[in-house]
Amino acid sequence: MKQREKFLWIILGLLVFILGACSGTTENESDQETDELILAIGGEPDNGFDPTTGWGRYGSPLFQSTLFTYDKDFNIVNDLATSYSLSDDGLTWTIDLRDDVRFSDEEPLTAEDVKFTFETAKTSGSIIDLNNLEEVKSIDNDTVEFTLKEPESTFIYLLVSTGIVPKHVYDDTYNENPVGSGPYQLVQWDKGQQVIVEENPNYYGEKPNFSKLTFLFLSEDAAFAAAKAGEVDVASVPPAFANEEVEGMELIELESVDNRGIMFPYVAEGEETADGAPIGNDVTADKAIRKAINIGVDRQTLVDGVLEGFGTPAYSVADNMPWWNEDTVIEDNDPEKAKQILEESGWLENESGVREKDGLPAEFTLLYPAGDQIRQSLSITFAELMKPLGIQVKTEGKSWNELENLMYSNPVMMGWGSHDPLEIYNLYSSETRGIGYYNANYYANPVVDDYLKQAIRATSEEEANKYWKKAQWDGETGFSSLGDAPWAWLVNLNHLYFVNANLEIGEQKIQPHGHGWPITDFIEQWHWQ
């Protein structure tokens, strides 16, 4: 430990030198409030800053603007758009745009740029699913029209999350040299080290209070060391560091839907994917095993022990989101009820204390991504909690490349959590079985499928949310732990930041899964107290 700390302080010394050279900050100035911030709030985007390939999906695109955005309560409000209308058949979305928006290079943003953005995103082969988009037209400079193949209530969320790129300068290097109409513009990217951004003087919205931001790409240990040394204004930290005292900084806890849970193979063994990966697990294919685990596990123990209290028990992939069915919260930590479920289903303890059914022992290997300390600790603690139930769980870390082959036949400690209800469809629809990490457990329920389709084809958010909730539990069936229980959702992580005690970042909305920089959503409102 001491050797690691010594190494981190050496790295930190180098960072101090680099930052001093970049910002011109001297020791005498370090205690003064400036219009610049230094942040260590997350990793470097793997694919750069191109919204047409997914940048901004889990938070503010920062450099670009979106047609709509969320307020702090997840109401959808205008950004580039001034209004929209939807045809009676739910197929045609007509968006009216502001006429005073310019990109950071001073060129105007028009409907042609919106059209170009969505046409580019549709053919990008990325995580942005625009297969249902039939056509997009620029009616005039300030009006754009989207035509869908079928009604799609979730289309509005693509309009919320997709930043608009400029047609006139977009090329193969755009992801490294983004031009946009957002509050900031990129001025320097030292790969593997930092990104420096400056205020976009052409931004049409609320003027940011900080003219320059430096984002450092540091490990969690190094970010904490930088916070301790007073060299950053905001640092993202894991629970292991959250109880530490950091002079001049305060800990900010942000509620999140950044969840961790166990995906159980839903079908019995015997099939293979097109690539030859085995599908199914005879133990977890038994509903009694899945139900008993959901009822018997002590989620609060996982929050307190693994997350050191910095989180909440999780009961779904979308806790506290507008489309969450709060009736699916169950009373867990009930080992007696869990044992009863197992015994009534024929899972009886053998002489070793492990349950068996028709000669099949209640045992499986729980996989987690190697190197992910929280998922490893959750897996190990979960395995201990299962022993009193007579369920034997081994744990093993694997690379993501290995998991891509093993996840169809082994339980995996996964993490999701989005501001888009389409994630529910992707995880639980029979149409997405075996597609990437979506529904890798091959879950299927025709009643759930019908609700999911009705949610997608709804013509209003209110109508869609009614069906999203029914898919979770309608009183008789659903994909929640009250129903088929193809997952055991365990915890939601609080996102933890040490923030300069004089810096006010304001109220934040529920944070999504830990990609991107979602804490910057309302960065225009940050200010010194």
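Formation of a donor-acceptor pair under 3.5 Å by the Asp258 side chain with backbone atoms of Gly417 is not found in this model. Of the possible polar contacts, none joining the Glu44 side chain to the Phe217 backbone as a donor-acceptor pair under 3.5 Å is found. With hydrogens and angles disregarded, a donor-acceptor distance shorter than 3.5 Å links the side chain of Glu504 to the backbone of Gly506. Side-chain atoms of Arg299 never come within 3.5 Å of backbone atoms of Val491 as a donor-acceptor pair (strictly under, hydrogens ignored). Side chain of Ser460 to backbone of Glu463: a donor-acceptor contact under 3.5 angstrom is found. Side-chain N or O atoms of Asp319 include one that pairs as donor or acceptor with a backbone N or O of Tyr315 at under 3.5 Å.
Tyr408 has its side chain out of reach of Asn281: every pair of non-hydrogen atoms, C-beta onward, lies at least 4.5 Å apart. Side chains of Thr328 and Ser481 form no contact here, defined as non-hydrogen atoms less than 4.5 Å apart. Within the 4.5 Å cutoff, side-chain heavy atoms of Phe310 are placed close to those of Leu251. Counting only heavy atoms from C-beta outward, the side chains of Gln373 and Glu220 never approach each other to under 4.5 Å. Residues Glu461 and Tyr157 meet the side-chain proximity criterion, which asks for heavy atoms closer than 4.5 Å. Using a 4.5 Å heavy-atom cutoff, the side chains of Asn439 and Ser429 are not in contact. Proximity of Leu62 to Ile523: side-chain heavy atoms (C-beta onward) are separated by under 4.5 Å at one or more points. Between Gln472 and Phe479, the closest side-chain pair of non-hydrogen atoms falls below 4.5 Å.
With rounding to the nearest 0.5 Å, the separation of OG1 in Thr69 from CG in Leu159 is 12.0 Å. One finds the CD atom of Gln529 at 9.0 Å from the CG atom of Asn500 (value rounded to the nearest 0.5 Å). Residue Leu482 holds its CG atom at 8.5 Å from CG of Asp327, rounded to the nearest 0.5 Å. Rounding to the nearest 0.5 angstrom, the gap separating the CE atom in Met263 from the OG1 atom in Thr284 is 9.5 Å. Expressed to the nearest 0.5 Å, how far CG of Leu39 lies from CG of Leu218 amounts to 11.0 Å. To the nearest 0.5 angstrom, Ile456 atom CD1 is 9.5 Å from Ile424 atom CD1.
Residues meeting the side chain to side chain donor-acceptor pair (under 3.5 Å) test with Ser480, sequence neighbours left out: none. Taking Lys357 as the reference, Asp286, Ser345 meet the side chain to side chain donor-acceptor pair (under 3.5 Å) condition, with sequence neighbours excluded. Every side chain to side chain contact (heavy atoms under 4.5 Å, CB included) that Asp304 has, sequence neighbours left out, goes to Gln300.
Side chains of Tyr437 and Glu404: a donor-acceptor N/O pair is present below 3.5 angstrom, by distance only. A donor-acceptor pair shorter than 3.5 Å can be found between the side chains of Asp449 and Ser430. At a cut-off of 3.5 Å, with distance as the only test, no side-chain donor of Asp420 or Ser161 sits close to an acceptor on the other residue.
A distance of 6.0 Å or more separates the ring centres of Tyr184 and Trp526. Between Trp528 and Phe210, the distance separating the two ring centers is shorter than 6.0 angstrom. Aromatic pair Phe74/Trp323: ring centres not closer than 6.0 Å.
Each of Lys453, Arg457, Gln454 was scored for a side chain to side chain donor-acceptor pair (under 3.5 Å) with Tyr467, with one residue passing: Gln454. Checking Asn494, Thr312, Asn320 one by one against Glu255, the side chain to side chain donor-acceptor pair (under 3.5 Å) holds for a single residue, Asn320.
Other residues, nucleotides and ligands place more than 12 heavy atoms under 6.0 Å from the CD atom of Glu250. Counting heavy-atom neighbours within 6.0 Å of Asn75 CG, excluding the residue itself, gives a total above 12. Heavy-atom contacts from other residues, nucleotides or ligands closer than 6.0 Å to CD of Glu245 number 12 or fewer. The 12-atom threshold is exceeded at CD of Glu269, counting heavy atoms of other residues, nucleotides or ligands nearer than 6.0 Å. For Glu326, the CD atom is loosely surrounded, since the number of other residues' heavy atoms within 6.0 Å does not exceed 12.
Considering all non-hydrogen atoms of both residues, His495 and Pro512 come closest at CE1-O, 3.1 Å. Between Asn405 and Pro278, the shortest heavy-atom contact is O-CD, 4.2 Å. Closest approach of Ala223 to Val232, counting heavy atoms only: O-CG2, 4.5 Å. Closest heavy-atom contact between Phe498 and Met249: O-CE, 3.3 Å. The shortest heavy-atom contact between Met413 and Pro369 is O-CD, 3.8 Å. For the pair Val77 and Tyr70, the tightest heavy-atom approach, listed with the atom from each and the gap, is CG2-C, 4.4 Å.
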Practice prompt. Check the pair Leu216, Glu231 against side-chain contact (heavy atoms from CB on, under 4.5 Å), reporting the backbone distance first and the verdict last.
Written response: CA-CA 11 Å; Leu216 302 180; Glu231 295 300 333; over 6 Å; no
Practice prompt. Apply side-chain contact (heavy atoms from CB on, under 4.5 Å) to the pair Thr301 and Asn333, showing each step before the final yes or no.
Written response: CA-CA 9 Å; Thr301 287; Asn333 190 25; 6.0 Å; no
Worksheet entry | Candidate pair Trp416 and Tyr438, rule ring pair (Phe, Tyr, Trp, His ring centres under 6.0 Å), full reasoning | CA-CA 10 Å; Trp416 294 93; Tyr438 294 141; 5.5 Å; yes
Worksheet item: What do the steps show when you test Gln392 against Arg355 for side-chain contact (heavy atoms from CB on, under 4.5 Å), and what is the final call?
Response: CA-CA 8 Å; Gln392 186 73 32; Arg355 294 185 182 273; over 6 Å; no
Practice prompt. For Tyr58 and Gln511, run side-chain hydrogen bond (donor to acceptor under 3.5 Å, both in side chains): C-alpha distance rounded to whole Å, both residues' side-chain angles, the deciding distance at 0.1 Å, then the answer.
Written response: CA-CA 9 Å; Tyr58 284 102; Gln511 302 283 283; over 6 Å; no
Discussion item. Met386 vs Ile293, test: side-chain contact (heavy atoms from CB on, under 4.5 Å). Steps then yes/no.
Written reply: CA-CA 7 Å; Met386 291 299 100; Ile293 287 173; 3.7 Å; yes
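With respect to Glu384 and Lys387, a salt bridge is recorded, a charged nitrogen being found less than 4.0 Å from a carboxylate O. Between Lys398 and Glu396 there is a salt bridge, since at least one side-chain N of the basic residue sits less than 4.0 Å from a carboxylate O of the acidic one. Remark: Lys337 does not engage Asp334 in a salt bridge, criterion side-chain N to carboxylate O under 4.0 Å.
Both the sub-6.0 Å distance and the 45° axial angle are satisfied by Lys72 relative to the ring of Phe522.
Between Phe49 and Trp517, the ring planes are tilted. Angles from 30° to 60° get that label. The aromatic rings of Trp487 and Trp489 sit parallel, their planes meeting at an angle under 30°, below the 60° perpendicular limit. Classification of the Tyr443-Tyr428 ring pair by plane angle, with boundaries at 30° and 60°, yields perpendicular.
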